[in-house]
Amino acid sequence: MKYKTIFLLLLLTTLFANLSFANLNADTSNLKIVAEEVTPEPVEPGQDVTVKARIYNYGNDIAKDVNVKLNAKYPFYLKTQSSNFADYNDLCIYCSKDNTYYLTVDANAVSGIYPIEFEIYADKGNAKKTQSINIIVIGIPDIVFEAEPVKKTVMPNEKFTAQLTFKNIGTGIARNIKITPQSTNFIKLGSGLDVIEEINPKEERTINISFNVAETLTPNTYNIPVQIRFTDERSNKYNISENFGIKVVHGATLGLQNLKITPQNNIKEGDEVEIQIRIENTGNGNAQNVKVVLDSGMEGNKIAYLGRIEKNDDEPTIFTLTAQNRGRIKNNLKITFNDDFGEHELNEEFFINIEENKKQNSMTIVFACLGLTILAAFLGGLKRKKMNQ
C-alpha cells in the first residue's frame, strides 16, 4: 500500500510538470509587434493608410503556432491584408514575420492619435496578448465663407454691415484665422483685421464687418475680396482669397427748386398765365423718365416730359394757360420718375388768384345790347313785311 501511494504521488508530479512545461511553451511574453512602416504618416481623414507590421520572437525557445490578428476600430476600417498571418506558424528564436494591412480612415475623424490593436496568439490560441500601434491622424483645414444678404440698401458714401459666416469644410483644425477685406471702394470701419482663434472641422463662426462705401461709386454689382490666412495643427500656413458680392444703387431726390407765375398779380379772367418751374435733383443718383403733370382749373397744355435729370442738376419747363374762372384756383404739380429704387411720385400744391375782368364784362354787356337791338330790328322788319302783304 505504501508503494502504491508513492507511485501515485510520482505520477501526479509528472503530470503537473508536463502541464507547467506546456504553459511555458505557450507564453507570448517574448513575442512583440513592431510597426515597420506606416504610409502616409500622418494620414488625413478619408484617406487610405498602409501599415506594415512585423512580429518578432525575442525568446530563447521556438514560439509554437503563432498567429496575429488586427482588431481595427474607429476611425480605421480594414480593407485587405497580405494574409501572411492567415495560418498558425512556428517562429524560431530571434526570427520574425511581417504582414501588410491596408486600411482607410473615416472621413469624419477628428485629428488625433489613434491606436490599432493587434491580438497575438500562440499554441493555437491557448496563449494571447494584445499590443497597439499608434497612428497619427491630422486633417487639412479648408476655410470658406458665406455672406448673408445685406438688408439695407447700399448707396455711395453710406455705411452698411455684412454678416460673414466662416466654415471649416476641411478635415483638420484651422487656427489663428485672420480676416482682411481688401477693397479701396469699400473701406472697413474700425480695425482692418478680424481674428478667429480656432475653427474645428465641420464648425463655423460668424462675424459682422462694417464698411463705408466710396462716394464716387456708380450703380453696379461689386465683388469685395476678403483675404483669409490661417495655420493648421502642424503650423503650416494657408493664404486664400474669397469674394462676396454687393449691389450699390443710387437714389434720385427731386424737388421743386423754383416756381414763377407770370403775371404775378392782377390776373383776370381770360388772361394768359405762364407757370415756369424748375425741377432739381439733389440725390446721389440720376432720375429717369421725369414727367410733370399739372392739375389745374385753367386751360392749356398741362403735361411736360423732362426725361433724365442727372444728380446735382436741374431742368426747367413752362406751362402756358388761360384763366377761365375767377377765384382762388388750386393747382397741383405731380412729378413722377424712376431711379435704382423703382418708381416715385411727389406732389407740389399752389394757388393762383384770378380776379374778375370788369372791362371784359362791360364789353360783354355792350355786345349783348347791340345784339338785342339788331335782333329787335330784324324782328320788327319781319312784322312790317307781313302787315303790308
Side-chain angles (χ1 to χ4, degrees), residues 4-139 171-172 233-234:
K4 290 181 179 181
T5 302
I6 294 171
F7 177 76
L8 183 59
L9 289 173
L10 290 173
L11 181 61
L12 290 173
T13 302
T14 302
L15 290 173
F16 281 121
N18 289 335
L19 287 174
S20 298
F21 182 75
N23 287 335
L24 181 61
N25 287 340
D27 185 14
T28 59
S29 60
N30 294 320
L31 298 175
K32 185 178 180 181
I33 286 285
V34 176
E36 290 198 325
E37 182 181 346
V38 177
T39 306
E41 189 176 23
V43 60
E44 290 184 42
Q47 284 190 339
D48 292 340
V49 59
T50 301
V51 179
K52 186 176 182 181
R54 183 175 291 275
I55 184 168
Y56 284 88
N57 179 12
Y58 291 100
N60 295 320
D61 295 310
I62 297 175
K64 297 286 187 179
D65 300 321
V66 177
N67 194 9
V68 178
K69 292 183 180 179
L70 173 64
N71 184 16
K73 296 181 180 179
Y74 182 86
F76 302 105
Y77 305 100
L78 180 62
K79 297 174 68 176
T80 185
Q81 58 179 309
S82 60
S83 301
N84 291 338
F85 293 162
D87 301 320
Y88 287 96
N89 296 282
D90 294 343
L91 201 59
C92 61
I93 300 171
Y94 296 112
C95 293
S96 64
K97 189 177 184 181
D98 62 28
N99 198 39
T100 303
Y101 301 90
Y102 303 93
L103 304 102
T104 188
V105 185
D106 191 279
N108 297 316
V110 178
S111 297
I113 299 175
Y114 296 91
I116 55 173
E117 187 178 83
F118 293 90
E119 297 177 351
I120 303 173
Y121 296 92
D123 194 24
K124 293 187 177 180
N126 290 324
K128 172 188 173 183
K129 78 172 185 180
T130 59
Q131 186 181 335
S132 297
I133 293 176
N134 291 326
I135 297 179
I136 301 172
V137 177
I138 295 182
T171 55
E233 298 163 86
R234 290 174 283 179

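Counting from 1, the numbers follow the sequence of the chain as shown. It should be emphasised that the depicted structure is a prediction, and the values quoted were computed from it without experimental measurement.
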Tell me if the aromatic rings of Y101 and F118 count as close, with their centers under 6.0 Å from one another. yes
Residues two or more places apart in sequence or in another chain: which of them pass side chain to side chain donor-acceptor pair (under 3.5 Å) with [X]?
X: Y114; answer: none
X: Y77; answer: D106
X: T50; answer: none
X: E44; answer: none

Could you pull out the closest heavy-atom pair between [X] and [Y], with the gap in Å?
X: S111; Y: G139; result: OG-N, 3.0 Å
X: Q47; Y: P40; result: OE1-CG, 4.0 Å
X: A35; Y: I133; result: CB-CD1, 3.4 Å
X: L31; Y: A122; result: CD1-CB, 4.3 Å

Can you confirm whether more than 12 heavy atoms, excluding those of K97, are under 6.0 Å from its NZ atom?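 Enclosed.
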Counting neighbours of NZ on K32 that are heavy atoms of other residues, nucleotides or ligands and sit closer than 6.0 Å, is the number greater than 12?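 No, not enclosed.
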For [X] and [Y], indicate whether the former's side chain and the latter's backbone hold a donor-acceptor pair under 3.5 Å.
X: K73; Y: E117; value: no
X: D90; Y: D65; value: yes
X: N57; Y: C92; value: yes
X: S96; Y: R54; value: no

Rounded distance [0.5 Å steps], [atom1] in [X] versus [atom2] in [Y]:
X: N67; Y: N89; atom1: CG; atom2: CG; value: 7.5 Å
X: T80; Y: L103; atom1: OG1; atom2: CG; value: 10.0 Å
X: D123; Y: K64; atom1: CG; atom2: NZ; value: 10.0 Å
X: Y102; Y: T39; atom1: OH; atom2: OG1; value: 10.5 Å
X: N134; Y: E41; atom1: CG; atom2: CD; value: 9.5 Å
X: I33; Y: T130; atom1: CD1; atom2: OG1; value: 11.5 Å

pair [X]-[Y]: side-chain heavy atoms closer than 4.5 Å:
X: D98; Y: Y56; result: no
X: Q81; Y: L70; result: no
X: V68; Y: N99; result: no

Using the test side-chain contact (heavy atoms from CB on, under 4.5 Å), find all partners of K79 that sit at least two apart in sequence or belong to another chain.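 Partners of K79 under the side-chain contact (heavy atoms from CB on, under 4.5 Å) test: D48, T104.
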E37: which residues meet the salt bridge (charged side-chain N to carboxylate O under 4.0 Å, His left out) condition with it, sequence neighbours left out?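 Per chain and number, E37 pairs via salt bridge (charged side-chain N to carboxylate O under 4.0 Å, His left out) with no residue.
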